[in-house]
Amino acid sequence: MTKSELIAKLTARYPQLVAKDAELAVKTILDAMAKSLSQGQRIEIRGFGSFDLNYRPPRMGRNPKSGTKVAVPEKFVPHFKAGKELRERVDVNA
């Protein structure tokens with residue numbers, strides 16, 4: 001589902017909600033989540049899952065085209081772990 005599809009579903013489900021208001025709500029939530037993760041905080045949504053940061057140490061990579069070794073710097077990458085309720089709902093529908 002894309003962000004625009006989520007906004008469309010919100011406006012269809014709540015007819016009193018204007019599309020611009022739904023778009024602002026979705027954007028505000030996603031911006032708050034991105035800001036929290038960029039500050040190193042963990043996000044937990046009960047029944048859905050949690051977002052956290054995983055540390056990836058520096059390593060030597062390889063350029064697939066030329067085969068030369070390339071230094072890949074350390075970084076933090078976002079990681080999502082599905083909650084129990086979400087896993088159960090996905091298993092039933094799969």
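Values below: all heavy atoms of this structure, side chains included; hydrogens, waters and symmetry mates excluded. Along the sequence shown, residues are numbered consecutively beginning with 1.
The minimum heavy-atom distance between I7 and A22, with the atom names listed, is CG2-CB, 4.1 Å. In plain terms, the two heavy atoms of L86 and F80 that are nearest each other are CD2-CZ, 4.0 Å. Contact detail for M33 and F51: the closest heavy-atom pair is CE-CE1, 3.4 Å.
Put simply, V72 and V77 are part of two different groups of oily side chains (I, L, V, M, F, W, Y) that touch within less than 4.5 Å, one to the next. In the hydrophobic cluster analysis, where Ile, Leu, Val, Met, Phe, Trp and Tyr join through side-chain heavy atoms closer than 4.5 angstrom, L6 is grouped together with V90. Clustering ILVMFWY residues whenever any of their side-chain heavy atoms sit less than 4.5 angstrom apart, transitively, puts L17 in a cluster other than the one holding L24.
Rounding to the nearest 0.5 Å gives a distance of 9.5 Å between CZ of R42 and NE2 of H79. Taken to the nearest 0.5 Å, the CG atom of L37 stands 5.0 Å off from the CG atom of L53. To the nearest 0.5 Å, atom NZ of residue K81 and atom CD of residue E44 are 10.0 Å apart.
Between E5 and K3 there is no salt bridge, since no side-chain nitrogen of the basic residue lies less than 4.0 Å from a carboxylate oxygen of the acidic one.
Residue pairs that meet the side-chain hydrogen bond (donor to acceptor under 3.5 Å, both in side chains) test with at least one member in residues 9-32, sequence neighbours left out, are K27-D31.
Looking at P57 and E74, their side chains never come closer than 4.5 Å, going by heavy atoms from C-beta outward. Using a 4.5 Å cut-off on side-chain heavy atoms (C-beta onward), V26 and L10 make contact.
No side-chain donor from either of T68 and R62 sits under 3.5 Å from a side-chain acceptor of the other.
The closest donor-acceptor contact from the side chain of R87 to the backbone of A82 lies under 3.5 Å.
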